[in-house]
Every structure is written in structure tokens, then in C-alpha cells.
Participant: 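Dumping the structure here so I can ask a few things about it.
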There are 2 protein chains.
Amino acid sequence: MLSSSSKYAVNAVLYLAVHSSQINKIRAKEIAEAIKLPSPFLAKLLQTLSRENIVSSSKGPTGGFYLTPEAQQRPLLEVVKIIDGTDRLDECVLGLKKCSSEKPCPVHFSVQPLKKTFRKELEENSIASFAEKVKSGETYLFV
Amino acid sequence: MLSSSSKYAVNAVLYLAVHSSQINKIRAKEIAEAIKLPSPFLAKLLQTLSRENIVSSSKGPTGGFYLTPEAQQRPLLEVVKIIDGTDRLDECVLGLKKCSSEKPCPVHFSVQPLKKTFRKELEENSIASFAEKVKSGETYLFV
DNA sequence: TCTTATTAGGACAAAGTAATCCTAAAAGAG
DNA sequence: CTCTTTTAGGATTACTTTGTCCTAATAAGA
């Protein structure tokens, strides 16, 4: 449903949302270690997100990545959109081009609610709100 | 959620369930044309399914693929299992190794029930029952 | 100003998946 | 029995995704 890359990206962004701030930037390497990921690869993902201004960055010693308060208000779906491009989430599970309620594929009605709910969740909740639940121990990022 | 290969396979199997019988075998090429797929690739998938006895085949002129009535009674999930191997369906959407109700990932509770429903649907309904709905025009295989 | 630590970015390598090709084996038809 | 049509299976190719490496740019601190 999501590519590995965008799973990583979501994890990294939530990690930043929980741990970083403009005065407490975090190096790619530290995030990579935390979420157990090859660090040059994560760096690439962060660069992509940085180009789209969803994460902020600063070079040099004491440099690193962080999320501005504004960025934290954006929906988590933005991250997925940037990494996976378009709507991988909207595609028919059986690959039918024009699957719809009018011409449903054989599993349409059992899958459609799943996809819709998931997409809505990512669309309507901000990065910050997901991060809150991690902070409160309601949800987890690793293990 | 499913690989392209297993999407093709599901489509092909349902096509066979709808159109074939032991006395009306269907050539790989015909199925490939129907579901718009490179025919040598589909042939490979059908061979794999045939090795696992979910589709039956016969060589030579008038040869082709078909489903026995017994095969039609097997759950559609079998097809997915054979092609995608293990449980791609059970993995955490965010890629967490040990995502569970005790240590839920940030989207666990919104996605988990729906994944379960989907899996159950594939597990509890036979190929034949999916095929029935296609025959009755309730669901569709192409377009 | 020089050194060092970090991100930026492009080129490249590896792995996995998707797709092709070729030859063999089987089975029906003449 | 031979020819043709079809599946079977292995080897190979192509493509996409994932991951690495190297150099440049930038910023902080000595």
C-alpha cells in the first residue's frame, strides 16, 4: 500500500516531530540509527522532503534536520504524497483501471472502506497530532 | 498490498473460473488478451499455479488451462499465497516489525480491522463464489 | 582564516520484480 | 507416425526500487 521509502519517510518525520525543534536539530545518522535504516538512504529521503519544505535543514556542525511548527501542522499524507508520488492509495487492489462502485472489482466492496479510512486518517490528521500520541505512549514508532 | 503478479494471477484464475471447464480449456494467450497482459508472463504464472494444482492444464492442440470443480472450492487467498508467498497482507502498514495492539504503530487501530476484514474475505470465500458474482454481473473483471 | 561536521546532489551499484526467449515435452489431428 | 499446437521450464534480459559513494556547498567554531 505504501512503498518502503515512504514508510521510512513517515517514520523519520514522526521521529523528527517528536524529538526535534529549530534549536535541537537532528543528524540524519541519528535518525537512521533510531529507526534502523541505512543512513545514506535516509539522508536521500530527508533531502527530498527538505526540497518540498516539509522538513527543514541546516548544514555544518550543529546542523541537521528539524520540523517547524508550521510543517508539523501539515497532514501526514503530504509525506506519502511526496515520496510515493501520486495516489498509490487509490489504486484498485486487483489492478483494474476503472474500478468503481459502478463497475466494482470482485473485492472492491471489502477493500474500499479500508483504503478510504486509511487515506482519510492520513489526510485529516496532522504530523503533530500523530506525534502527540507517540509522546503520550499511546502509539509507537519502532520495535 | 498485492504484487502485480498476484493481481494478474487472481484475475486469470477468476477468468478461468468463469469461462473454463475440463471440456473447455483456455489457452494462455486467450486469457492474456482478455485481461490485457503479456502472454508469456501470464503463462509463467499459470505454470506456477498449475504446479500447485490450483489450475489444471493439458498440452497440445485443444490443450489449455482450466479449473476443476474441486479447485474452484478453494479460497481465493490460496492464489495470492502461491504467488506472493507469505503474508504480505499481515505486515504493518508503516513497516514496524512488531506492530500489535500492545505496541501499535500510529495508524494501527484505524487500519488493522480493515486489513483483517479483507484477509477474511479472501480466506472465507471460494474462487467459485467470487466467480458467481462476476457471472451475475455484480462485479467485474476488466475495464 | 582554516578546519571540521554536516546537508545537497549526482552518479553509480545491487537487488528484486517483471517480462522475454528458447528449447523440450506432451497430446491431438491428419 | 509425423506434424502441429500447446504447456513446461530454464536462462536471460529489462526495469524499477532500493541502497551506496563521492564530491560540493555551507555553516560553526577554533
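Computed from heavy atoms alone, side chains included, the values below leave out hydrogens, waters and symmetry copies. Throughout, a chain's letter reflects where its sequence line sits, starting with A, and its residues are numbered from 1.
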Participant: What bend angle does the helix from C/dT1-D/dA30 to C/dG30-D/dC1 show across its length, from five-pair end axes and to the nearest 10 degrees?
Facilitator: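 One end's axis against the other's: 10°.
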Participant: Picking from A/K115, A/R119, A/K116, what satisfies side chain to side chain donor-acceptor pair (under 3.5 Å) with A/D90?
Facilitator: A/R119
Participant: Quickly work out the A/L42 CG to C/dT7 P distance and round it to whole Å.
Facilitator: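 Taking CG of A/L42 and P of C/dT7, I get 10 Å after rounding.
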Participant: Regarding A/A28, tell me which of base, sugar-phosphate or nothing describes its non-hydrogen contacts under 4.0 Å with the strands shown.
Facilitator: sugar-phosphate
Participant: Atom CG of B/L42 and atom NZ of B/K44: how far apart are they, to the nearest 0.5 Å?
Facilitator: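 Result: 11.5 Å between the selected atoms.
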Participant: Would you give the length of the straight line joining atom CD1 of B/I127 to atom CD of B/Q73, rounded to the nearest 0.5 angstrom?
Facilitator: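 The CD atom of B/Q73 is 9.0 Å from CD1 of B/I127, to the nearest 0.5 Å.
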Participant: Between atom NZ of B/K25 and atom OG of B/S58, what is the distance when rounded to the nearest 0.5 Å?
Facilitator: 4.0 Å
Participant: In whole angstrom, what separates B/L2's CG from C/dA18's C1'?
Facilitator: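 Computing the B/L2:CG to C/dA18:C1' distance gives 16 Å.
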Participant: Please confirm whether the backbone N or O of A/K7 pairs with a side-chain atom of A/N11, one donor and one acceptor, at under 3.5 Å?
Facilitator: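 Confirmed, A/N11 side chain pairs with A/K7 backbone.
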Participant: Under 4.0 Å between a Lys/Arg side-chain N and an Asp/Glu carboxylate O for A/K120 and A/E123?
Facilitator: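 A/E123 and A/K120: not salt-bridged.
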Participant: In whole angstrom, give the distance that lies between atom CZ of A/R27 and atom P of C/dT7.
Facilitator: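 Atom-to-atom, A/R27 to C/dT7, this comes out as 7 Å.
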Participant: Which residue, A/T62 or A/Q47, contacts DNA chain C at a nucleotide closer to its 5' end, judged by nearest heavy atom?
Facilitator: A/T62
Participant: Between which nucleotides of DNA chain D, 5' to 3', does chain A make heavy-atom contacts below 4.0 Å?
Facilitator: D/dT18 to D/dA28
Participant: With a 3.5 Å distance limit and no angle check, can you tell me whether B/S129 reaches the backbone of B/S126 through a side-chain donor-acceptor pair?
Facilitator: yes
Participant: Distance check: side-chain N/O of B/S3 vs OP1/OP2 of C/dT17, anything under 4.0 Å?
Facilitator: no
Participant: For the side chain of B/P40, counting heavy atoms from C-beta on, which of C/dA27, C/dC21, C/dT7 is nearest?
Facilitator: C/dC21
Participant: Using the rule given for side-chain contact (heavy atoms from CB on, under 4.5 Å), can you reason through B/Y8 versus B/K36, listing the C-alpha separation, both sets of side-chain angles and the distance that settles it, and then say yes or no?
Facilitator: CA-CA 10 Å; B/Y8 298 156; B/K36 273 148 198 129; over 6 Å; no
Participant: Between B/N125 (side chain only) and B/P75 (backbone N and O only), is there a donor and an acceptor less than 3.5 Å apart?
Facilitator: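 Such a contact is absent between B/N125 side chain and B/P75 backbone.
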Participant: Using the side-chain contact (heavy atoms from CB on, under 4.5 Å) rule, take B/Y66 and B/N24 through it: C-alpha gap first, then chi angles, then the decisive distance, then the call.
Facilitator: CA-CA 7 Å; B/Y66 63 98; B/N24 184 27; over 6 Å; no
Participant: Roughly, in whole Å, what's the span from CG in A/L45 to P in C/dA8?
Facilitator: 12 Å
Participant: Can you tell me how far C1' of C/dT20 sits from CZ of B/F41, to the nearest Å?
Facilitator: 11 Å
Participant: For B/K44 and C/dC22, what is the distance between atoms NZ and P respectively, to the nearest whole Å?
Facilitator: 13 Å
Participant: Does C/dA18 have OP1 or OP2 under 4.0 Å away from a side-chain N or O of B/Y8?
Facilitator: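 The answer is no; no side-chain N or O of B/Y8 sits under 4.0 Å from OP1 or OP2.
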Participant: So, does B/S5 get its side chain near the phosphate of C/dT17, meaning an N or O under 4.0 Å from OP1 or OP2?
Facilitator: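 Answer is no, no contact under 4.0 Å.
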Participant: Could you check how far CD of A/E52 sits from C1' of C/dA8, rounded to whole Å?
Facilitator: 15 Å
Participant: For DNA chain D, whose closest nucleotide is more 5', that of B/G63 or that of A/S39?
Facilitator: B/G63
Participant: Using modelled atom types only, decide if a donor and an acceptor are shared between the side chain of A/S6 and the backbone of A/L2 within a distance under 3.5 Å.
Facilitator: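 No: the side chain of A/S6 does not pair with the backbone of A/L2.
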Participant: I need the residues from residues 14-23 of chain B with at least one non-hydrogen atom less than 4.0 Å from DNA chain D; give them sorted by number, or say none.
Facilitator: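 Residues of residues 14-23 of chain B that come under 4.0 Å of DNA chain D do not exist, since none gets that close.
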Participant: How many Å lie between CD1 on B/I83 and P on C/dA19, as a whole number?
Facilitator: 13 Å
Participant: Could you give me the CA-CA distance, side-chain angles and deciding distance for A/Y140 and B/E102, then say whether side-chain contact (heavy atoms from CB on, under 4.5 Å) is met?
Facilitator: CA-CA 9 Å; A/Y140 296 80; B/E102 286 75 42; over 6 Å; no
